[in-house]
Amino acid sequence: MSARTAARIGWSLCAFATLLVVISIVFSVLNGDVPDQGDYGTAFDAISAVALLAFPVVGAVVVSRHPGNLVGWLFCVVGIPFGISGVAYGWGAYGLFAHPGALPGAEWGAWLGSWLFAPSLFAVPALLFLLFPDGRPPSARWRPVAWLVLASVAATTIGSALMPGRLTEPPFKGIENPAGVEAAGGAIEAVSFAGFFALFIGILLGAGALIARFRRSRGDEREQLKWFAAAGAMFALAVIVAISPWFGSSDTNGQLLILLTFAAIPIAAGVAILKYRLYDIDRVINRALVYGALTATLAAGYLGCVLLAQLVIGAESGLAVAISTLAMAALFRPARARIQAAVDRRFYRRRYDAAVTLEAFGARLREQLDLDALGADLRGVVQDTVQPAHVSLWLRRPR
């Protein structure tokens, strides 16, 4: 397939997914008064829908540049089920609750919207583990894992679509599944359970494939994997924070945090595949570690200072907050310097050693007068810090 044809198909899929997102947002506005939809609201639905557009947009860009990379096509295709699921959900809510009987097939829309998003949600992580960054498994022996993932996703999808009983997604919990097969309920449940178990195994094996690829990677491929790993770690951290007592699993802020970090995965993958500012990932990881630790440290210190000052000054005094704020402002720069040094020493040892070597050389440079000794010292510093293949020094002698 030529690059022009691939770009045309990729951007067509992206445009179709965008159209579906717009329609789902319109339905969200029209269904604003429908009860039992949670506490999210139209703004949250719009933000989540737009965030999921990161998949088809990045996919279209990738297939335009690299038509043979299956990761780009995966991103292009995955946005379609998400969009159709959103439209079907809005169709069902509008035809069943907002204006009952106004739309035909509202029950089937509710049915479709309650499970169609699941295949994309489950298949993307496992397949990305296997295919990133070049669109191929690390070796031929990993191909059965891809077939296992596809088969398990098909099993879970069939189970979700045909399971008899009531639908599980609000506000459709009181509606019977129109496609439920009562006679085969036990078999469908067994197939669904087996599919979920096989999918879990497939995700673990896919993670193993990614680790194996990283261990033998070099150069650009290792930097690409760093981008993907950083996005995945950010998503995992967001999940942990969202289910923590400070947010709660049903809180809007936690759900929004999960969605935004989930959308960061295709963005990071696209940056890595296109190799745009590829080697900046070390700087991104460094800053994330430093400012994450700094934020946690200052937050804990601020809370401790407030409690201590309130005990000393008084529980109702605003002076406690002012004192704590000034104390944290004064500690910001020294705390940042210490945390930066600790991160460099622990995770960027080569850079830390280079900085220490340069600092020591600068101290010696102020006292060194012998040019020959200075030249030898300079060559040693360059060799230790930059590690070039060859070092030579030319000094111009005065006439």
Side-chain angles (χ1 to χ4, degrees), residues 1-25 48-90 112-137 142-143 145-161 195 198-199 202-203 206 209-210 224 228 231-232 235 259 262-274:
M1 183 184 299
S2 66
R4 179 174 296 181
T5 303
R8 187 180 298 114
I9 296 175
W11 285 110
S12 298
L13 292 173
C14 179
F16 183 51
T18 303
L19 177 62
L20 293 173
V21 165
V22 171
I23 296 174
S24 66
I25 293 175
S48 61
V50 172
L52 293 176
L53 278 179
F55 284 94
V57 171
V58 172
V61 174
V62 170
V63 300
S64 300
R65 305 287 184 87
H66 303 281
N69 195 319
L70 291 180
V71 174
W73 292 109
L74 175 65
F75 286 164
C76 285
V77 172
V78 81
I80 305 300
F82 280 135
I84 295 177
S85 176
V87 173
Y89 182 93
L112 193 63
S114 65
W115 63 266
L116 188 58
F117 65 91
S120 298
L121 190 62
F122 294 146
V124 168
L127 292 178
L128 272 181
F129 287 157
L130 286 170
L131 300 177
F132 186 83
D134 57 3
R136 296 186 300 271
W142 293 101
R143 291 177 183 172
V145 179
W147 290 109
L148 173 66
V149 171
L150 295 175
S152 61
V153 169
T156 55
T157 302
I158 292 173
S160 301
L199 181 61
I203 292 176
L210 187 67
Q224 289 174 315
F228 184 71
F235 173 69
L259 277 171
F262 185 61
I265 293 177
I267 296 174
V271 169
I273 293 172
L274 299 173

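Panel note: side chain Ser85, backbone Pro81; no donor-acceptor pair is recorded below 3.5 Å. Judged by distance alone, with hydrogens and angles left aside, the side-chain atoms of Ser160 form no donor-acceptor pair with the main-chain N or O of Thr157 at under 3.5 Å. Side chain of Asn69 to main chain of Pro133: a donor-acceptor pair is present (N/O by atom type, distance under 3.5 Å, no hydrogens or angles). The backbone N or O of Val57 sits nowhere less than 3.5 Å from a side-chain atom of Trp11 that would complete a donor-acceptor pair.
Put simply, the side chain of Leu128 reaches to within 4.5 Å of the side chain of Phe75, judged on heavy atoms. Residues Leu131 and Pro137 have side chains in contact (heavy-atom distance under 4.5 Å, counting atoms from C-beta outward). Within the 4.5 Å cutoff, side-chain heavy atoms of Ile273 are placed close to those of His66. Using a 4.5 Å heavy-atom threshold, the side chains of Phe228 and Phe129 count as touching. At a threshold of 4.5 Å between non-hydrogen side-chain atoms, the residues Leu130 and Val145 count as touching.
In this structure, Leu53 CG and Leu20 CG are separated by 9.5 Å, a value rounded to the nearest 0.5 Å. The CD1 atom of Ile203 lies 9.5 Å from the CG atom of Leu127; values are rounded to the nearest 0.5 Å. Residue Leu148 holds its CG atom at 12.0 Å from CH2 of Trp142, rounded to the nearest 0.5 Å. Atom SG of Cys14 sits about 11.5 Å away from atom CG of Leu19, to the nearest 0.5 Å. The CG atom of Leu70 lies 11.5 Å from the SG atom of Cys76; values are rounded to the nearest 0.5 Å. Once rounded to the nearest 0.5 Å, the distance linking CG of Leu274 with CD of Gln224 reads 9.5 Å.
Between Phe55 and Phe262, the two ring planes are tilted [angle within 30° to 60°].
Minimum heavy-atom separation, Val153 to Leu199: CG2-CD1, 3.9 Å. Taking all atoms of both residues into account, the shortest heavy-atom contact from Ser152 to Gly195 is CB-O, 3.3 Å. The minimum heavy-atom distance between Ala17 and Pro56, with the atom names listed, is CB-CG, 3.9 Å. Minimum interatomic distance between Pro266 and Ala54 (heavy atoms only, all atoms of both residues): CG-CB, 3.9 Å. Considering every non-hydrogen atom in both Ala88 and Gly113, the closest pair reads CB-N, 3.7 Å.
For Phe82 and Phe117, the ring centers are positioned 6.0 Å apart or more.
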